[in-house]
Amino acid sequence: MPMSKSSAQLSQYPQHHPHDHGRAFHRRAAAVATALPLPDTDDAYTIVHHGKQVRLGPVVFWIVVGTVVLLGLWSAATATYFAFRDDVLTRLIARQAEMQYAYEDRIAELRAKVDRTTSRQLLDQEQFDQKLDQIMKRQTALESRATALGSMPDVTGSIPRSTPQRGDASQTTQGTPKPSPISDTVIFVAPPDREARLESRAPTLAAPPVNQFAKNQGFDNVVVRLTTSLDQVERRQMAALNAVEEGMDSRMRRMRGVVSDLGLNLANLEAAVPRTAMGGPFVPVKITASSGPFEKQLYRINNTRAEMDRLNRTLALVPYRKPVIGEVEFTSGFGVRSDPFLGRPAMHTGLDFRAASGDPVRVTANGKVVSAGWSGGYGRMIEVDHGNGLATRYGHLSEINVRVGEIVRIGQVVGLVGSTGRSTGPHLHYETRIDGEAVDPQKFLRAGVRLSAG
């Protein structure tokens, strides 16, 4: 269907190629209409088909052309879509499936990670609870140990809490009384060197180092700090217990040494101790095989303390204390001396303590008054029987404060210093006797100094 533009210079005759030899031209002329120019038209397009002419303006023409082109493109796109639709859908489905699998794998991985974290947290929490339970049990045990240590009177002051400075040396020296040749009555004060020995017995242990993991972990850091604190408490308790045990052992050795030095029979002395009002069912002390070192050491200390209490009650009958308090001075010792009245050699059966008239005279051991009154050269004299053949006499008294048959205790004032009887001035004549025989009182007094020196 040829078309022509009316303004164009078209040939009146159809053109043909020389090689057509007229055949092609005649066939085309028979099938297709010939576009003839129209002289009376402007810019317009004419379509001739089988002798019919269709005249189109330029706008309509290009609209038709554009529509045809668009329809062609749409047809091509539609054909392409239908041709490759299955491949595109397959790829999209595969892509979606791949993304879904990736998300599912990621979710599964995160769930597994959460499960591992939860399991680890549960395990850490369980371990922390176990450690905390152990710490609580240990703290309870340490508190019970502290109660046991607090019931021991020897624990107090046995371990010094702070080291004295140089400026405090003079104060320490002045505050601690020096042991005199004759020990004070009843109370014994340990010198400061004993505390040093007790302190040195307990080994100094360095605090366990804290590892880096414990520093970085909150719970572990708390547990480590608590454990370290409990370790320090336990070391202090063990040090105090060691000090108590050493102090008791030393005290026991000295007490037995006193009895041995005096030549006394310990069994006889114990038999002479008067029984006090005590009783109750016998319950033996038991210690389990699972007991730790602290419990075993505490068991030994309790046994030693019971034995030491028995020895204390026994030694309470031994007159190794001073009959007067404060600084003492002997005016005459035990043994042969020149008689102050006759000037001839004579046996002096006791010690003369220089003292002022009216100074108190104290009994040096527990016992019973068997004599209280005037007794020849003794003047006013008191004799106390301490049992097991031991006795003491206090002569030249200005006043007697007890009566015969009275039970007296260590340190009790029985009279006042005077100058009655064969006396040249106020002083105290003091004697110690074993089975009626006078023995040197200084032997007992030196034993007392030794017992109080530790």
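The figures here come from the full heavy-atom set of this structure, side chains too, leaving out hydrogens, waters and symmetry mates. Not measured: the values here are computed from a predicted model.
Remark: the Thr314 side chain and the Arg310 side chain contain no N/O donor-acceptor pair separated by less than 3.5 Å. Glu104 and Gln100 form a side-chain donor-acceptor contact under 3.5 Å, judged by distance and modelled atom types alone.
The side-chain heavy atoms of His386 and Val363, taken from C-beta on, include a pair separated by under 4.5 Å. Looking at heavy atoms from C-beta onward, Arg253 lies in side-chain contact with Asp249 at the 4.5 angstrom threshold. In this structure the side chain of Asp359 never reaches within 4.5 angstrom of the side chain of Val324, judged on heavy atoms. For the pair Arg254 and Val258, the minimum side-chain heavy-atom distance is 4.5 Å or more. Looking at heavy atoms from C-beta onward, Val439 lies in side-chain contact with Phe444 at the 4.5 angstrom threshold. With a 4.5 Å cut-off on side-chain heavy atoms, Val408 and Val384 count as touching. Two residues are said to be in side-chain contact when any heavy atoms from C-beta on lie closer than 4.5 Å; Asn366 and Arg313 fail this criterion. Looking only at side-chain heavy atoms (C-beta outward), Glu307 and Asn303 stay at 4.5 Å or farther from each other.
The line from CZ of Arg251 to CG of Leu451 is 4.0 Å long, rounded to the nearest 0.5 Å. With values rounded to the nearest 0.5 angstrom, Asn388 atom CG is found 7.0 Å from Leu264 atom CG. In this structure, CG on Asn312 lies 9.0 Å from CE on Met252, to the nearest 0.5 angstrom. Here the CZ atom belonging to Arg393 is positioned 5.5 Å from the CD atom belonging to Glu431, to the nearest 0.5 angstrom. Expressed to the nearest 0.5 Å, how far OH of Tyr299 lies from OG1 of Thr304 amounts to 10.5 Å. Within the model, atoms CG of Leu70 and CD1 of Ile63 stand 11.5 Å from one another, a figure rounded to the nearest 0.5 Å.
Listed here is the closest heavy atom pair of Ile407 and Gln412: O-OE1, 4.1 Å. Heavy atoms only, all atoms of each residue included: Val318 and Leu262 are closest at CG1-CD1, 3.5 Å. Annotation for Arg300 and Glu245: closest pair NE-OE2, 3.2 Å, computed over non-hydrogen atoms. Counting all heavy atoms, side chain and backbone alike, Leu390 lies closest to Asp385 at O-OD1, 3.1 Å. Of all the heavy atoms in Pro441 and Leu351, the pair that sits closest is CB-CD1, 3.7 Å. For the residue pair Met255 and Leu311, the shortest heavy atom distance occurs at CE-CB, 3.1 Å.
Ionic pairing of Asp261 and Arg446 is not present here: no N-O contact between side-chain nitrogen and carboxylate oxygen is shorter than 4.0 angstrom.
In this structure, the side chain of Ser250 does not engage the main chain of Glu246 through any donor-acceptor pair within 3.5 Å.
Classification of the Phe330-Phe353 ring pair by plane angle, with boundaries at 30° and 60°, yields perpendicular.
A side-chain contact (heavy atoms from CB on, under 4.5 Å) with Tyr320 holds for exactly one of Val449, Leu315, Thr432, Thr364; it is Leu315.
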